[in-house]
Amino acid sequence: MNRKDNEPSGYGLVPPELYRLPALQAAPLLLGQHLVRRTEDGEIRCRIVETESYGGIEDKGSHAFGGRRTARTDVMFREGGTIYVYLIYGMYHCLNVVTAGEGDPHAVLIRAVEPLTDADAALMRVYRGKAGRNPSGLSGGPGKLCRALRIDKSLNGLRIDSGGSPLRLEQVEHPKALDIVQAPGINIPYAGEYAELPWRFYLRNNPYISVKDKLETPFILS
DNA sequence: CGTTCGATTTTCT
DNA sequence: GAAAATCGAACGT
């Protein structure tokens with residue numbers, strides 16, 4: 001809840017061009033944007049503070065590596081702006097935003113978010129239960145944030161760039177004003193040489209980041 | 001503080 | 001049948 005650091009530049013949907021970019025370019029641009037989740041209990045607004053890029057058929061860490069198109073990965077091949085949700089380790093969901101063009105599978109994994117207001121945090125704690133006491137326990141991790149926002153496969157394939165969607169993105173902050181760190185990805189050792197590439201991005205010193213890099217390399221948006 | 005390990009089920013080989 | 005873009009409890013130091 002560091003609103004003073006970055007005054008809103010005006011509410012509105014994210015510029016559609018962003019969803020057409022390769023995931024590696026889109027991932028840092030999604031930082032600071034607002035993820036808005038609507039359920040029967042109300043609307044939760046939170047700020048994206050960590051993302052990770054999975055881009056193209058040459059990325060060994062990607063589910064769509066080598067062009068693998070299956071029932072699960074099919075949504076990755078759709079047009080940018082599509083929501084990709086999958087189940088991992090039998091019990092957690094992960095949320096991705098598909099980017100790039102149709103037939104070119106790119107996705108940005110949303111790894112951490114922070115609630116905007118105390119009211120947002122309160123409802124997230126209800127969804128999250130006991131473990132969501134401290135910031136990183138509430139929504140600092142892809143599985144955690146999906147629980148805190150009640151995100152499951154029912155959202156898979158929906159669009160994140162429409163105002164009427166139960167899950168949407170809004171452009172609020174100017175990404176250039178953010179202090180962004182670039183770091184290697186997490187838990188993808190099978191990706192070989194790709195595992196060490198800095199395809200993860202997060203906001204420096206943000207309390208919702210659970211895994212920090214030793215060398216917090218600054219990433220400057222051009 | 002740190003590391004290790006079990007949970008649980010979809011997906012693909 | 002094995003692995004998986006994870007988490008949290010249970011240990012050990």
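In what follows, chains are A, B, ... by sequence order, proteins preceding strands, each numbered from 1.
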Provide, to the nearest angstrom, the distance between the [atom1] atom belonging to [X] and the [atom2] atom belonging to [N].
{"X": "A:Lys130", "N": "C:dG8", "atom1": "NZ", "atom2": "C1'", "result": "9 Å"}
{"X": "A:Arg133", "N": "C:dC7", "atom1": "CZ", "atom2": "P", "result": "19 Å"}
{"X": "A:Tyr84", "N": "C:dA4", "atom1": "OH", "atom2": "P", "result": "14 Å"}
{"X": "A:Lys60", "N": "C:dA3", "atom1": "NZ", "atom2": "P", "result": "18 Å"}
{"X": "A:Ile186", "N": "C:dC7", "atom1": "CD1", "atom2": "P", "result": "9 Å"}
{"X": "A:Asp152", "N": "B:dT10", "atom1": "CG", "atom2": "P", "result": "13 Å"}
{"X": "A:Leu138", "N": "C:dT6", "atom1": "CG", "atom2": "P", "result": "18 Å"}

Task: Base of C:dA5 and ring of A:Tyr86 stacked, centres under 5.5 Å, planes under 30° - done: no
Regarding [X], tell me which of base, sugar-phosphate or nothing describes its non-hydrogen contacts under 4.0 Å with the strands shown.
{"X": "A:Ile88", "result": "sugar-phosphate"}
{"X": "A:Arg147", "result": "nothing"}
{"X": "A:Gly143", "result": "sugar-phosphate"}
{"X": "A:Gly61", "result": "base"}

TODO: Would you check if the side chain of A:Asp104 reaches a backbone N or O of A:Ala100 as a donor-acceptor pair within less than 3.5 Å?
DONE: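 Checked: no pair found.
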Is any side-chain nitrogen or oxygen of [X] closer than 4.0 Å to OP1 or OP2 of [N]?
{"X": "A:Arg128", "N": "C:dG8", "result": "yes"}
{"X": "A:Lys153", "N": "B:dT11", "result": "yes"}
{"X": "A:Arg111", "N": "C:dT6", "result": "yes"}
{"X": "A:Asn187", "N": "C:dA5", "result": "no"}

Task: Who pairs with B:dT8 - Watson-Crick or G-U, where each distance is under 3.5 Å - done: none
Open item on the list: For C:dA5, give the paired nucleotide (Watson-Crick: N1-N3 plus N6-O4 or O6-N4; G-U: N1-O2 and O6-N3; both under 3.5 Å), or none.
Closed with: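 Matched C:dA5 with nothing under the 3.5 Å cut-off.
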If you only use heavy atoms from C-beta on, which nucleotide in [options] is closest to the side chain of [X]?
{"X": "A:Leu87", "options": "C:dC7, B:dT9, C:dA5", "value": "B:dT9"}
{"X": "A:Met91", "options": "C:dA5, B:dT8, C:dC7", "value": "B:dT8"}
{"X": "A:Arg72", "options": "B:dT13, C:dC7, B:dT11", "value": "B:dT11"}
{"X": "A:Tyr89", "options": "C:dT6, B:dT11, C:dG8", "value": "C:dT6"}

Task: Charged N-O contact under 4.0 Å between A:Glu102 and A:Arg78 - done: no
- [ ] Using a strict cut-off of less than 4.0 Å between a Lys/Arg side-chain nitrogen and an Asp/Glu carboxylate oxygen, indicate whether A:Arg37 and A:Glu43 qualify as a salt bridge.
- [x] no
- [ ] Taking the six-membered ring for Trp and the full ring for Phe, Tyr or His, determine whether the centres of A:Tyr86 and A:His93 are under 6.0 Å apart.
- [x]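 Centroid distance A:Tyr86-A:His93: not below 6.0 Å, so no.
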- [ ] Give the minimum heavy-atom separation between A:Ala112 and A:Leu145, together with the two atoms involved.
- [x]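 Minimum heavy-atom separation between A:Ala112 and A:Leu145: N-CD2, 3.6 Å.
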Task: Separation between the P atoms of C:dA2 and B:dG6, rounded to whole Å - done: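 Looking at atom P only, C:dA2 and B:dG6 are 16 Å apart.
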Open item on the list: Go through it in stages, so that I can follow the logic: the residues are A:Tyr127 and A:Thr39, the test is side chain to side chain donor-acceptor pair (under 3.5 Å), and I'd like the CA-CA distance, side-chain angles, deciding distance and then a yes or no.
Closed with: CA-CA 11 Å; A:Tyr127 287 159; A:Thr39 72; 2.8 Å; yes
